[in-house]
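These notes concern the structure reproduced below.
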Amino acid sequence: MTMDSGDSFLSCAVILEWMTPQGSISRKVNYKTASLRLIRNEFREMFMEVLSEKHAAIRLALKGINVFKKFMAEGKASVKFQDAGCTLFISNAPPTNLVSFLRTIFVKMTGDKEQAALKTPSKGSMRAKLLSGKAQEFEEISPVTGKDIHNAKSKISKTTITTPSPPSKKRKSEDTVRGPAPKKLYSPSPLTTESSLNSEQQMVLEACLGGKNIFFTGSAGTGKSFLLKRIVAALPPDVTVATASTGVAACHVGGTTLHAFAGVGDGSASTENLCDRATKIPLKLEAVARHVRKNDKPFGGIQLILCGDFLQLPPVIEKGKPGKRFCFQSACWDKCIELCFELKEVHRQKDQEFISILNSIRIGRVTKEISDRLIGTARQKIESDGILATRLCSHTNDSKIINNSKLTDLEGEEKVFSSQDSDNASKTLDMQTIAPSKLVLKVGAQVMLLKNINVNVGLVNGARGVVVRFEEGFPVVSVLEFYQRFRKRLQRMQIVPLGRPLADKTNTKLKLRDIIEKQLRRK
Ligand SMILES: Nc1ncnc2c1ncn2[C@@H]1O[C@H](COP(=O)(O)OP(=O)(O)OP(=O)(O)O)[C@@H](O)[C@H]1O
C-alpha cells in the first residue's frame, strides 16, 4: 500500500521568520499562496522546499525540527527549524492534506533516523560530501508505504526526533524560557483515523477538488453529512464556508446559516430578480454574489457544493400560494450546478429489508406489505429497565405536549435545571438548539442525551435513559446502552444536564469539551 504523492506536497499560505539568537526577527517572508514540497538531495538528506510564484525557492533541512499541530484541523501548523533559526507558519491548508503532509515528514524522518543508527558514516562518504563541488540535485521523496507507517507508529511510544524526552530538571528551566514543549508530530487524529470514503463518495470529493459546482443527494444514512465534513476538510479553510438553511442544521455541519453568511436577512426584501417567494433565496443570493464579487459568472464565480435530500424535508411554502417549491426549479439552478450525484449505499443500517422499506417510504410508496410489516413490529417488546419506547411525532409541539403531560402524571418533587448561556445569547440559543433553557425533571422522567459524551460506551446523542434519583443536586440517570454493556461494573451513570452550546462560535468546541470533562470527573 502506498499513499498519495500529494502527501509530500501542500498548497497553503506561508510566513517564514528567521530569529536572531537574542530572539528578535531578522528576516520575514509572507506568501499568500505557496507550495511546500518534501525533497531529498543526492546524499538522501530531506528538505522542505517553499515555492511561490514570484520568489526563489527556499529550502530548509528537515533536521531537529519541532512541529506544533494543535490547530491542524483548522488548516494551521508551524514548524520550527532549530538549526536554521527559522519558523515556518502554515495557514489556509486543506486540513486533510496538512495532516497527511505532517505525517509524511514524521514517517520519513523516523525511517531516516533508524537507517542512520544502523550505519556509521564511512570516511569515504563524508569526504565525498565535503568535496562535492557539483550543484545539489533534488528529487521528490518516495511515497510513504504502509510498512513505513507501521514502522513509524511502533516508535511513537518511544522518544522520536520531534518528541522531546521527558523534561529533566535542566530541561525544565530551559522550557520556561522557550515556552511549552512541542507536541508529538504523530498522534491519531480524527482526520486520519476515520473510515475511508466508498467509491461514490470519492467521486463526489474529486469533483469538489476539481472546482466543479455540484449537488449531491441520497437517502437517509448514505453518508451525506459524513462526506460533507470530509469535503470541507479537504478544501482551504479561509475560503470555504459551510452553511445550512436552519440554525440547527448549521450547528451539525459546524457552519453558519446561509442567510447570516450572505447577509440577506430573511430574504424578504425586494429585488428585481425575484420571481416567486419559494425560490427567492437562491435567486437573491446568486444576484448578491455576482454584485459583490463584480463577476458575471453564476454566483460570482463562487464554487457551490450543495447537499441534501429533497425527499426528506421539502421546503416550507405559504398556504394557498402554489408555485415552484424546490430550489432546483429556480431559474439559476441549471446555470449554477454542473454535476449532480446520488449516493446509493446506506451506511447507517445493515438490515437490507429495513433499508428497502425506508427507501420505499422516502418516495411515498407504502405498499400493504410494508405497512403490515411495520404494524407487526408493534408487538416487539422494546421497553426495559423503565425506559419506555420512543414515540415519534411529526411536530415538535405535539411531542412537547405529550412530554409535559407524562411529566405531570409522575408523582414526586419537580427539580428545575437552568442552562448557563453566554452573555445575551439566550434568545439565539433558544432558536438554534433543542436543549431547553429550563429542564424540569422528576424521578421516573424519561430523558434523552443531546450530545455525544462517550461513543464507545453508548453515551451518544439520542441515547435514552430514565431519572432514578437525585444526588448532590444532580439527576442520576440509568442509560440503557450503558447499563447493558457495563452491567457488572457500573450500573448507574450520573449525568449533569449539559446546558447549551455557547453562542460564540469560535469557542464552542473548547468550552463544550470543558463541560463534558467536568461532567465525567464528577461521575
Ligand atoms: N464511507 C463510510 N464508511 C463508514 N461509515 C460511513 C461512511 N459514510 C457514512 N458512514 C456512517 O454512516 C452513518 C450515516 O451517515 P450520515 O449521517 O452522514 O448520513 P446522511 O446521509 O447525512 O443521513 P441523513 O440523511 O439521515 O442525515 C454515520 O454513522 C456515518 O459515520
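Predicted model, so just to flag it, every value in this text is computed and none were measured. Both ligands and their constituent atoms are indexed starting at 1 by order of listing.
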Original post:
Heavy atoms only: which of Arg348, His347, Gln349 is nearest to atom 5 (N) of ligand 1?
Top reply: His347
Subject >> Heavy atoms from other residues, nucleotides or ligands near CZ of Phe354 exceed 12 (cutoff 6.0 Å) >> reply: no
Subject >> Minimum-distance protein heavy atom relative to atom 1 (N) of ligand 1 >> reply: Gln201 OE1, 2.8 Å
Original post:
atom 25 (O) of ligand 1: which protein heavy atom is closest, and how many Å away?
Top reply: Lys224 NZ, 2.7 Å
Against heavy atoms of [X], which atoms of ligand 1 measure under 4.0 Å?
X: Gln312; value: 25 (O)
X: Ser225; value: 18 (O), 22 (O)
X: Ser219; value: 21 (O)

If you compare all heavy atoms of [X] against all heavy atoms of [Y], which two are closest, and at what distance to 0.1 Å?
X: Leu407; Y: Val440; result: CD2-O, 3.5 Å
X: Glu140; Y: Ser8; result: OE2-OG, 3.4 Å
X: Gln303; Y: Asn213; result: CA-OD1, 3.2 Å

Original post:
What do we get for Asn198 next to ligand 1 when only non-hydrogen atoms under 4.0 Å count, side chain, backbone, both or neither?
Top reply: backbone
Original post:
Heavy-atom contact under 4.0 Å between Gly221 and ligand 1?
Top reply: yes
Original post:
Touching ligand 1 at all, Thr222? Heavy atoms, strictly under 4.0 Å?
Top reply: yes
Subject >> Side chains of Arg373 and Ile357 in contact at under 4.5 Å (non-hydrogen atoms) >> reply: yes
Original post:
Can you tell me how far CG of Leu304 sits from SG of Cys336, rounded to the nearest 0.5 angstrom?
Top reply: 6.0 Å
Original post:
So how far is it from Leu228 CG to Ile305 CD1, rounded to the nearest 0.5 Å?
Top reply: 8.0 Å
Original post:
Considering all protein heavy atoms, does one lie under 4.0 Å from atom 29 (O) of ligand 1?
Top reply: no
Subject >> Any N or O of Gly223 closer than 3.5 Å to N or O of ligand 1 >> reply: yes
Original post:
Does Phe226, backbone or side chain, put an N or O under 3.5 Å from an N or O of ligand 1?
Top reply: yes
Original post:
Are Phe215 and Phe328 close enough, and set up right, to give a ring-ring contact (aromatic ring centres under 6.0 Å, His included), and what steps lead you there?
Top reply: CA-CA 10 Å; Phe215 166 65; Phe328 58 77; 7.8 Å; no
